[in-house]
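Report on one structure; see the data block that follows.
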Amino acid sequence: MADMDAFRDELAHWAAGGASDTAAQLAADLGLRTAVLLEGPSDLAAVEALAAREDRDLTAEGVAVVSMGGAMSVGRYAGLLGPPGLGLRLTGLCDAREEPFYDRGWQRAGAARDFHVCVADLEDEMIRALGPERVEEVIRAEDELRPWQTFLAQPAQHGRPREQQLRRFLSTRKGRKIRYGSLLVEALGTDRPPAPLADLLAGL
């Protein structure tokens, strides 16, 4: 049976210059119709967490959610997955500063512009949606209150807005940003997710 993780692995191999045959066959076996291009694994974790919250099986719906390892790879991935390659519909999510890369990637692939832009990045969107107090509750629940307090004591953090401090904290340890990508979505409860994330999922 075709597996989404296997498809992602073969896609990364193809994007690195490998053969396309296995990725193309897996895409066909999975019945893929849409590719969601994301900058990194924390965005992937958030999208998958939101889909799970809404009881949606994106793989069964023919949707491949792909972490590209950085926005500068979007042209390559859009070409492989969009009209010049597998012919899938393209959508995605990016940070505001990376929007020009996405614009060029979509244009080069000959795809209609269809992606959603975060004001700064998805972590910033989630922190604003939840509010700093609720994000700190998540940090406390993850038994990271002491690292958070140590971080706040650093001179570079003095006087900075709490939202900026939280956003920076999530990036200070390998794997933390990915883990909190799903945790912050779960912390929303029944509240509406930030518009870029909610609109992305609604459009799939």
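The basis for the numbers below is simple: all heavy atoms, side chains too, and nothing from hydrogens, waters or symmetry mates.
Under the 4.5 Å side-chain contact rule for hydrophobic residues, L93 and L58 share a cluster. No continuous path of ILVMFWY side-chain contacts below 4.5 Å connects F7 to L204, so the two sit in separate hydrophobic clusters. When hydrophobic clusters are built by joining Ile, Leu, Val, Met, Phe, Trp and Tyr residues whose side-chain heavy atoms come closer than 4.5 Å, directly or via intermediates, L170 is grouped together with L188. Under the 4.5 Å side-chain heavy-atom criterion for grouping Ile, Leu, Val, Met, Phe, Trp and Tyr, L122 is connected to L201 within one hydrophobic cluster. Both M72 and M68 sit in one connected hydrophobic cluster of ILVMFWY residues. Membership requires side-chain heavy atoms under 4.5 Å apart, directly or through other members.
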Going through the distances and angles, do E48 and S182 end up as a side chain to side chain donor-acceptor pair (under 3.5 Å)?
CA-CA 8 Å; E48 290 190 327; S182 57; over 6 Å; no
Taking it one step at a time, do E61 and R89 satisfy salt bridge (Lys or Arg N to Asp or Glu O under 4.0 Å)?
CA-CA 13 Å; E61 295 177 25; R89 173 202 165 207; over 6 Å; no
side-chain contact (heavy atoms from CB on, under 4.5 Å) between D124 and D95, worked out:
CA-CA 10 Å; D124 169 67; D95 303 348; over 6 Å; no
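The shortest heavy-atom contact between P193 and L50 is CG-CD1, 3.5 Å. Of all heavy-atom pairs between L30 and M4, the closest is CD1-CE, 4.1 Å. Pairing each heavy atom of G105 with each of A78, the nearest pair is O-CB, 3.7 Å. Contact detail for W106 and A112: the closest heavy-atom pair is CD1-O, 2.9 Å. Residues E144 and P147 approach most closely at O-CD, 3.2 Å, considering heavy atoms. Scanning all heavy atoms of the two residues, the minimum distance from V66 to L81 falls at CG2-CD1, 4.4 Å.
Taken from CG in L90 to CG in D114, the straight-line distance is 8.5 Å, to the nearest 0.5 Å. Rounding to the nearest 0.5 angstrom, the gap separating the CG atom in L11 from the OG atom in S67 is 10.5 Å. Taking CD from Q25 and OG from S20, the interatomic distance works out to 11.0 Å, rounded to the nearest 0.5 Å. For the atom pair CZ (R76) and CG (L37), the distance works out to 13.0 Å, reported to the nearest 0.5 Å. Once rounded to the nearest 0.5 Å, the distance linking CG of L184 with CD1 of I127 reads 7.0 Å. To the nearest 0.5 Å, atoms NE2 (H158) and CD (Q154) are separated by 8.5 Å.
Note that R167 lies outside the cation-pi zone of F169, set by a 6.0 Å cut-off to the ring centre and a 45° limit from the axis. With a 6.0 Å cutoff to the six-membered ring centre and a 45° limit on the axis angle, R168 does not count as a cation-pi contact of F151. R104 forms a cation-pi arrangement with F101, by the criterion of a distance under 6.0 Å to the ring centre and an angle within 45° of the ring axis.
Shown here is R160, whose CZ atom has more than 12 heavy atoms of other residues, nucleotides or ligands within 6.0 Å.
When each of E142, M126, E186 is tested with Y180 by the rule side-chain contact (heavy atoms from CB on, under 4.5 Å), just one qualifies, namely E142. Evaluated for a side-chain hydrogen bond (donor to acceptor under 3.5 Å, both in side chains) with S42, the options E123, R176, R179 yield exactly one hit, E123.
Put simply, the side chain of V63 does not reach to within 4.5 Å of the side chain of L32, judged on heavy atoms. A 4.5 Å side-chain heavy-atom check between L197 and E125 finds every atom pair outside the cut-off. Residues T59 and V65 have side chains not in contact (no heavy-atom distance under 4.5 Å, counting atoms from C-beta outward). The shortest side-chain heavy-atom distance between L200 and F115 does not fall under the 4.5 Å cut-off. Side-chain contact between L86 and L80 is absent, with no heavy-atom pair separated by less than 4.5 Å.
Ion pairing of E163 with R134 is absent here, as no side-chain N (NZ or NE/NH1/NH2) approaches a carboxylate O to less than 4.0 Å. The existence of a salt bridge linking R162 and E133 is excluded, since no basic side-chain nitrogen approaches an acidic carboxylate oxygen closer than 4.0 Å. We find that R53 and D191 are not joined by a salt bridge, their nearest charged nitrogen and carboxylate oxygen being 4.0 Å or further apart. Using a cut-off of 4.0 Å between Lys/Arg side-chain N and Asp/Glu carboxylate O, E99 and R113 are scored as salt-bridged.
Using modelled atom types, one side-chain atom of T150 and one backbone atom of R146 make a donor-acceptor pair closer than 3.5 Å. Remark: side-chain polar atoms of D3 are paired, donor with acceptor, to backbone N or O of A6 under 3.5 angstrom.
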